[in-house]
Every structure is written in structure tokens, then in C-alpha cells.
Protein chains: 2
Amino acid sequence: MDAERQKRLEARARILKAVGNASRLLILEELAQGEKCVADLTKAVGSDISTVSKHLSLLKSVGLVRDEKRGNQVFYTLLAPCVLNFFDCVESVLEARVQHQIEMMG
Amino acid sequence: MDAERQKRLEARARILKAVGNASRLLILEELAQGEKCVADLTKAVGSDISTVSKHLSLLKSVGLVRDEKRGNQVFYTLLAPCVLNFFDCVESVLEARVQHQIEMMG
DNA sequence: CTCCTATTTGCAATATTGGCCAAATTCCCA
DNA sequence: TGGGAATTTGGCCAATATTGCAAATAGGAG
């Protein structure tokens with residue numbers, strides 16, 4: 001595979017990989033409702049705050065969210081709401097899988 | 001986070017994770033042109049055929065592709081072309097990132 | 001300045017992934 | 001039945017990812 005294509009695919013993969021994690025998906029869902037601070041997101045996710053902070057920093061590094069410090073808290077905002085459209089496609093894949101499993105049983 | 005939501009998010013994450021890898025993205029792009037056998041995909045990807053076979057089996061396990069044995073070769077088909085729509089969103093994120101970097105420099 | 005709160009960073013432990021090689025499997029053809 | 005080609009599977013290793021704890025940092029209030 002040529003190097004140019006390789007680079008392009010790796011750039012894409014980096015973003016998609018960021019979305020391929022349950023905790024980060026939860027964070028994105030929460031942020032879809034509007035900006036949230038790290039503490040709020042930590043409550044929602046249920047892991048250590050340092051873990052959540054790292055997830056956020058990853059999402060930020062790929063450009064999916066933005067952070068803004070106000071007082072001593074940091075608020076995160078969803079930058080690419082289009083990622084939420086992924087989910088329709090993903091759901092359709094899940095449903096097709098279930099359908100397929102039912103057929104296999106019959 | 002409640003267990004139901006957790007499960008739903010993990011199911012989604014599994015699918016998205018499958019897409020978050022450069023080799024697998026390449027495979028999906030190739031399959032977007034029509035069905036291909038493992039050997040053809042191996043040529044395109046450039047890793048060992050056993051590696052490509054494992055990528056394919058992962059893509060199949062999450063329901064993104066289907067396989068069909070004909071003779072002694074196995075042909076893979078893209079089942080969820082909607083994943084290709086992800087890429088527009090991903091591209092927009094990439095471009096926004098570049099834009100942001102330019103602003104930072106100015 | 002000092003304390004308190006919110007967040008990030010460094011570190012170590014553990015888990016997962018991606019890759020290759022070798023062996024097993026499957027199917028065709030003689 | 002035996003051999004050869006295509007693919008999958010198992011084993012193993014290196015690289016990467018995920019997590020929590022503890023320490024560092026940044027900001028606001030007194």
C-alpha cells in the first residue's frame with residue numbers, strides 16, 4: 001500500500017479508534033447534551049477522575065472535543081456532533097447481526 | 001453508569017473499534033469496490049496473509065462483512081456500506097484540526 | 001500566603017492488539 | 001487416495017492501551 005494512502009488511513013484510524021471505547025462513547029453521549037465539567041463526566045462514567053481526564057485528553061487530541069477552563073474547573077464541549085450519526089449505522093449493523101443469528105437458529 | 005447502558009455502549013464500541021485500524025480501513029475501502037478474496041486483500045494491505053485473515057475474521061465477527069467460500073478461495077463482501085459515511089465526518093474533524101493548528105501558529 | 005477544590009501528570013500493573021511463523025484445515029484436481 | 005493451493009488457527013512476542021493511585025499543578029477564597 002502506498003505511503004500516502006497509509007498516512008491518510010492512519011489519520012482516520014486515530015479518530016475512529018478514539019470513538020471505539022465504551023467510556024469514551026459515554027462521554028460523547030453526555031457531551032451531546034451540552035458542555036460538562038470533568039467531575040460531572042466522572043460521575044457518569046464511574047471510573048477514577050484521572051482515567052476520565054485521560055479519555056478527555058485523547059478525545060481532545062484527535063479534535064473531537066474542546067476544553068475551556070472557567071474558574072478551577074474545565075468544561076468540555078463536543079466539536080464534531082456528526083460522530084453521533086455513526087451510531088445509526090452502528091445500530092443497523094447490530095440489528096443485522098441479531099437478525100442473522102435468528103436465521104441461523106431457525 | 002447502569003449495566004444496560006454499559007452493555008449497549010460496549011456493543012457499539014466493539015464495532016467502532018473494528019473500524020479504528022488502518023489495515024482494516026484499507027480492507028473496507030477495497031471491499032467498497034466489490035467482493036475480494038483474501039489473497040487480493042493481502043496484496044493490498046501488504047502484511048502476512050494470516051494477519052489479513054484475522055482482520056477479516058474480526059470484521060466478520062462484528063457484522064461488517066460477510067464471507068462466502070467458492071472453490072478453495074473465500075470472498076468477502078462489505079455488509080454495511082454506511083460505515084463509509086463515517087469518513088466524511090472524520091475528514092471534517094481532520095480539517096478542523098488543521099484549521100485550529102493554523103490559528104495557533106498565527 | 002495558605003488552604004481547598006478541580007484537574008492533570010507520572011508511574012506501574014495489567015490487558016489488548018497486531019504482527020509473523022508454523023501447523024492445521026479445506027477444497028480442488030489428477 | 002495424494003498433492004497442491006488458499007485460508008484459518010494457535011502460539012508467541014513486541015507495542016500499545018487502559019486503569020488506578022499518588023503526586024503535581026492551577027485557581028479561587030479567606
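Just so it is clear: chains get the letters A, B, ... in the order the sequence lines come, proteins before strands, and each one is counted from 1.
- Across the protein-nucleic acid pair, B:Leu9 atom CG and D:dT18 atom C1' stand 17 Å apart, rounded to whole Å.
- Looking at A:Glu95 and A:Gln99, their side chains never bring a donor and an acceptor atom within 3.5 Å of each other.
- Side-chain atoms of A:Asp48 lie closest to D:dG20 of the nucleotides D:dG20, D:dT9, C:dG18.
- For residues 38-86 of chain B, the ring-ring contact (aromatic ring centres under 6.0 Å, His included) pairs, not counting sequence neighbours, are A:Phe86-B:Phe86.
- Computed from coordinates, the B:Leu59 CG to C:dT17 C1' distance equals 14 Å when rounded to whole Å.
- The phosphate of C:dT17 (OP1 or OP2) has no side-chain N or O of B:Asn21 nearer than 4.0 angstrom.
- Between B:Leu41 atom CG and D:dT7 atom P the separation is 9 Å, expressed in whole Å.
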Reading nucleotides 25-30 of chain C from 5' to 3' and marking B where a protein heavy atom lies under 4.0 Å of the base, S where only the sugar-phosphate is that close, and - otherwise, the string is -SSS--

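- When the P atom of C:dT17 is taken as reference, atom CZ of B:Arg24 falls 8 Å away, rounded to whole Å.
- The nearest whole Å value for the distance from the CG atom in B:Asp67 to the P atom in D:dT7 is 11 Å.
- We find that NZ of A:Lys36 is positioned 17 Å from P of C:dA6, with the value rounded to whole Å.
- Place A:Leu58 and B:Gln73 on DNA chain D by their nearest nucleotides, and B:Gln73 ends up nearer the 5' end.
- Atom pair A:Ile49:CD1 and D:dA24:P shows a separation of 18 Å (rounding to whole Å applied).
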Between N or O atoms, less than 3.5 Å apart, protein on one side and nucleotides 10-16 of chain D on the other: list the pairs.
residue	atom	partner	partner atom	Å
D:dG10	O6	B:Lys54	NZ	2.7
D:dG11	O6	B:Lys54	NZ	2.9

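- A close approach under 4.0 Å does not occur between any side-chain nitrogen or oxygen of A:Thr51 and OP1 or OP2 of D:dT18.
- Here B:Tyr76 lies in heavy-atom contact (under 4.0 Å) with sugar-phosphate atoms only.
- Between the CZ atom of B:Phe75 and the C1' atom of D:dT8 there is a distance of 16 Å, rounded to whole Å.
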